[in-house]
*Asks:* 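Take a look at the following structure, please.
In this text the structure is predicted, and so the values were computed from the model without any measurement. Start at 1 and go down the list; that is how both ligands and their atoms are numbered.
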Amino acid sequence: MSISSNPATSEVADRKFGRLGIKQLYTALEQELNQARENKTFKSEIPLDDKQAGIVSVNGKTQVMLASNNYLGLANHPRVVSAAQFGLDMYGFGLASVRFLCGTQKIHLELEDRIASFLGMEAAILHSSCFAANEALFAAILSSDLGFSDYRDIIYSDQLNHASIIDGIRLSRMVAKGTELKAYPHNDLAQLQQSLKQDCETVYRIKMIATDGVFSMEGEFAPLSELVDIAAKNDALLVVDDSHATGVLGKKGRGTPEHCGVHGRVDVITGTLGKALGGAAGGFIAGKKPLIEFLRQKSRPYTFSNTLPPAVVCGTLEAIKMIEEDNSLVEKLQHNTNYFRKEIKNLGFKIIEGIHPIVPVMLGEAAIAMDMSDRLLKEGVYVRGLWYPVVPKGEARLRVQISADHELRDLDFALSCFGKVGKQLGVLSK
Ligand code: PLP
């Protein structure tokens, strides 16, 4: 193949042989973006004027925030903010290092201990995000030979698991080529057990079962009491990403395991600091000591990425302290959630039933979800729509997220707007 110096011929050659010059690359990217705009899958951002809270401001207009993961309202709580300010004053803005060089302060170790004891686990290791934690976990464990000259591992993964679990597993299968993946239908334990039974004749070195604790598109939780038993019976390591449940579910906010009566019995829990636990950023993996110590040696996102800033560490420590001190925030969240779930159904909307503060209001067509979220924003309710390909075709929805930072009057205002806009769009009968 020769590269022509004639621009016209060169363009033909480029198309024919599938090359993109830099200029054409930008054109192709523009075309993709325009396509996404046409398909209404283009994600746009609506900037907030100031802080994240139950009530926010957008372009000077007050909005009831129903789209954030600020479940306990700690993202802007005075105690968390002042702890973060203390962290800034005492420990500085950043550490300019990864953990093992010079990026560990006593507060990082304290936060790891605090997370572990909050979750009833032996130890925990911080990462820059839960996404990074999930990328770290599978690859670190499955890529090590652990003294085996030849081996095969297998991961059973719920089909609706979060993107970070999916990518973590993908990465592990790139580095450990023999690793098999079996994605089981969402929460289908019969299918999972059948696969485990079928595979029991095959010698796998490590078996893992991976699931979200709470599935973020639905607000449903994984049946962890059964999963703990299934994992134990099959000698499989159970990994639960509890990002949407830590600080949210369970009497004391300790997450899906507490809610399901198996607190301290899940092998590995991954989670985020970016939702209920203050909402800043950061993630963790919690589990038995040897696993966590091993990850300190082998997790690439831990080894080659910067430590968490002190303000975030101190703010998160305070957030956990507040949740441990008393149940009032968790109880308020649960009370608000029950109230909204009951009242939105009374208005005539269809929701996915459950108990989680994620309340999917089902609308069917993407166009209605888009229109409804735009109109609600004009009324003073900030809520985002989800549609295909994020959720199945015909299952477009508004994903409402309730917070302990809401007062009942805020929820009543939002509900009245839902009623008004629902009637305007013919979702509700007049
Ligand atoms: N896991 C789940 C289930 C999530 O919902 C999210 C965030 O949306 C993440 C992981 C990623 O968390 P982080 O923002 O800490 O990377």
*Asks:* Do R399 side-chain atoms and R397 backbone N/O form a donor-acceptor pair below 3.5 Å?
*Replies:* no

*Asks:* Looking at S243, which atoms of ligand 1 are within less than 4.0 Å of one of its heavy atoms?
*Replies:* 1 (N), 2 (C), 3 (C), 4 (C), 10 (C)

*Asks:* Looking only at heavy atoms, is any part of S129 under 4.0 Å from ligand 1, and if so is it the side chain, the backbone, or both, or is it neither?
*Replies:* both

*Asks:* What part of S164, side chain from CB on, backbone N/CA/C/O, both or neither, has a heavy atom under 4.0 Å from ligand 1?
*Replies:* side chain

*Asks:* Starting from atom 1 (N) of ligand 1, find the nearest protein heavy-atom neighbour and note its residue, name and distance.
*Replies:* D241 OD2, 2.5 Å

*Asks:* Testing the 3.5 Å rule here: is there a donor-acceptor pair between the side chains of N39 and T41?
*Replies:* no

*Asks:* When you check the gap from the basic side-chain N to the acidic O, do R265 and D229 get nearer than 4.0 Å?
*Replies:*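 Answer for the salt bridge query: yes.
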
*Asks:* Is the shortest N/O to N/O distance between V214 and ligand 1 below 3.5 Å?
*Replies:* no

*Asks:* Is it true that A163 lies under 4.0 Å from ligand 1, counting heavy atoms only?
*Replies:* no

*Asks:* Got the closest protein heavy atom to atom 12 (O) of ligand 1, with its distance?
*Replies:*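 Nearest neighbour among protein heavy atoms for atom 12 (O) of ligand 1, to 0.1 Å: C130 CB, 3.4 Å.
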
*Asks:* With no hydrogens and no angle check, just 3.5 Å: does a side-chain donor-acceptor pair link R341 and N338?
*Replies:*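 Per modelled atom types, R341 and N338 side chains form no pair under 3.5 Å.
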
*Asks:* Under the ring pair (Phe, Tyr, Trp, His ring centres under 6.0 Å) rule, collect the residues that match up with F215, sequence neighbours excluded.
*Replies:* H186

*Asks:* Residues two or more places apart in sequence or in another chain: which of them pass salt bridge (Lys or Arg N to Asp or Glu O under 4.0 Å) with E293?
*Replies:* R296

*Asks:* Going by the order shown, which atoms of ligand 1 are within less than 4.0 Å of some heavy atom of K275?
*Replies:* 4 (C), 5 (O), 6 (C), 7 (C), 8 (O)

*Asks:* Indicate yes or no: does an N/O atom of T272 lie under 3.5 Å from an N/O atom of ligand 1?
*Replies:*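 Yes, there is a polar N/O contact under 3.5 Å.
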
*Asks:* Taking salt bridge (Lys or Arg N to Asp or Glu O under 4.0 Å) as the criterion, tell me which of R173, K182, R205, K177 meets it with D153.
*Replies:* R205

*Asks:* Flag F131 as yes when one of its N or O atoms lies below 3.5 Å from any N or O atom of ligand 1, and as no otherwise.
*Replies:*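 For ligand 1, there is an N or O atom that lies under 3.5 Å from one belonging to F131.
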
*Asks:* Going by the side chain to side chain donor-acceptor pair (under 3.5 Å) test, name the single residue among D167, T272, D241, N161 that passes it with N134.
*Replies:* D241

*Asks:* Please list the nearest protein heavy atom to atom 6 (C) of ligand 1 with its residue and the distance rounded to 0.1 Å.
*Replies:* H162 NE2, 3.3 Å

*Asks:* Can we call the ring centroids of Y91 and H108 under 6.0 Å apart?
*Replies:* no

*Asks:* Which of the numbered atoms in ligand 1 are under 4.0 angstrom from any heavy atom belonging to H244?
*Replies:* 5 (O)

*Asks:* Counting each atom of ligand 1 from 1 as listed, which ones have a heavy atom of G282 under 4.0 Å away?
*Replies:* 15 (O)

